[in-house]
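First up is the structure itself, then whatever we jot down about it.
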Amino acid sequence: MKSPLLSLPGAVPAEGVDEGVAAHYGDLFREQRALADGNGFVDLSHRGVITVSGDDRLSWLHLLLTQHVSQLRPGEATEALILSAHGHIEHALYLVDDGTTVWAHVEPGTQDALIAYLESMKFFYRVEVADRTADTAVVHLPAGSIAEVPEGVVVRETAYGRDLFLPRAALEEFAAGHGPAAGLLAHEALRVEHHRPRLGFETDHRTIPHELGWIGTAVHLQKGCYRGQETVARVQNLGKPPRRLVFLHLDGSEVRLPAPGTEIRVADEGPDGRKIGVVTTSVRHYELGPVALALVKRNVPVDARLLAGDTAAAQEVVVEP
């Protein structure tokens with residue numbers, strides 16, 4: 001869904017899964033600084049939006065999600081996953097309940113498959129699932145923002161800022177009064193800085209929550225049964241995940257960033273050494289320079305110097321080995 005804010009001065013469209021919103025508005029580092037200082041907003045109107053209403057919405061979702069939501073208070077934000085029967089991550093939901101309805105935003109293009117799964121699990125529960133993507137736009141206000149939220153807009157507030165579920169028809173009016181606009185690349189740079197994984201970027205078909213540090217933030221270990229729980233419990237109690245998320249400081253002398261999927265090797269083994277991981281997201285940060293998130297094998301020493309393709313990289317632990 002193409003955002004009307006692509007008509008703002010300097011807007012350069014994002015590509016790939018994020019197509020439909022602006023990657024930046026002409027000055028990537030200025031936009032990052034603005035967000036870090038609590039100013040401006042990010043257009044996330046390409047993300048999917050679903051709602052779940054009905055008297056049983058929280059108890060029903062509690063049975064399906066990795067998060068404890070049966071007692072979710074109105075206005076309390078949380079995030080949750082849906083796993084396969086083998087414990088692999090299939091969906092990531094960013095939730096808030098407004099007292100009558102659960103609102104969630106999800107990765108662009110994933111809402112249809114998510115809704116199909118939820119509909120298949122309704123049975124006798126008093127719930128209604130709806131796709132609100134066509135009429136609702138997600139807008140992000142950074143942490144520290146003092147911008148006023150339009151009356152009646154559902155807000156999901158976290159340590160990283162506020163996600164607004166804004167009527168799509170009000171998007172241009174909101175932008176006019178809440179600038180400056182910051183592009184998705186600025187938002188992604190701060191996400192990487194905070195070591196926050198993203199579905200489809202840090203995940204593949206075999207990713208389990210432990211590998212990305214989603215235990216605690218999106219997976220509650222003291223709740224009842226849900227699909228994939230056996231894998232979560234087994235890894236938590238008896239083993240270790242096969243991979244771990246790391247934060248990489250990249251050699252700043254390189255002109256190009258290593259693209260997602262770039263193979264990682266131990267530097268001491270040279271460019272022909274064994275593959276021990278892959279870059280998942282790489283960005284240019286206004287203070288840290290070129291940085292990235294990556295998945296590496298659990299047993300890679302935490303002090304090992306790495307190569308991301310031809311780029312030297314120093315790792316910072318996110319998930320303990």
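Reckoned from all heavy atoms, side chains included, excluding hydrogens, waters and symmetry mates. All values reported here derive from a predicted model rather than from experimental measurement.
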Indicate, with yes or no, if the rings of His178 and Phe41 have centres closer together than 6.0 Å. no
Looking just at side-chain N and O atoms, do Gln229 and Arg234 make a donor-acceptor pair shorter than 3.5 Å? no
Distance-only criterion, 3.5 Å: show the donor-acceptor pairs between side-chain atoms of residues 288-306 and protein atoms not counting sequence neighbours.
{"residue": "Arg298", "atom": "NE", "partner": "Pro241", "partner atom": "O", "Å": "3.1"}
{"residue": "Arg305", "atom": "NH2", "partner": "Asp268", "partner atom": "OD1", "Å": "2.5"}

Which pairs would a plain distance check flag for residues 85-93, meaning a side-chain donor or acceptor within less than 3.5 Å of a matching protein atom at least two apart in sequence or in another chain?
{"residue": "Glu90", "atom": "OE1", "partner": "Arg227", "partner atom": "NH2", "Å": "2.8"}

Looking only at side-chain N and O atoms, does Asp251 offer a donor or acceptor that is under 3.5 Å from a partner on Thr311? no
Value rounded to 0.5 Å, distance of NE2 in His140 from OH in Tyr160: 11.0 Å
Under 30°, 30 to 60°, or over 60°: which ring-plane class applies to Phe165 and Trp103, parallel, tilted or perpendicular? tilted
Please assess Ser53 against Val127 for the test side chain to side chain contact (heavy atoms under 4.5 Å, CB included), listing each intermediate value before the final yes or no. CA-CA 6 Å; Ser53 56; Val127 294; over 6 Å; no
Does the plane of the ring in Tyr94 sit parallel, tilted or perpendicular to the ring in His105? Use 30° and 60° as the thresholds. parallel
Can you tell me how far apart CZ (Arg191) and CZ (Arg196) are? Round to the nearest 0.5 Å. 8.5 Å
Any pair with a residue in residues 274-286 that passes salt bridge (charged side-chain N to carboxylate O under 4.0 Å, His left out), sequence neighbours left out, goes on the list, sorted by first then second residue, please. Glu269-Arg274
Using distance alone, with no hydrogens and no angle criterion, decide if Glu193 and His285 have a side-chain donor and acceptor under 3.5 Å apart. yes
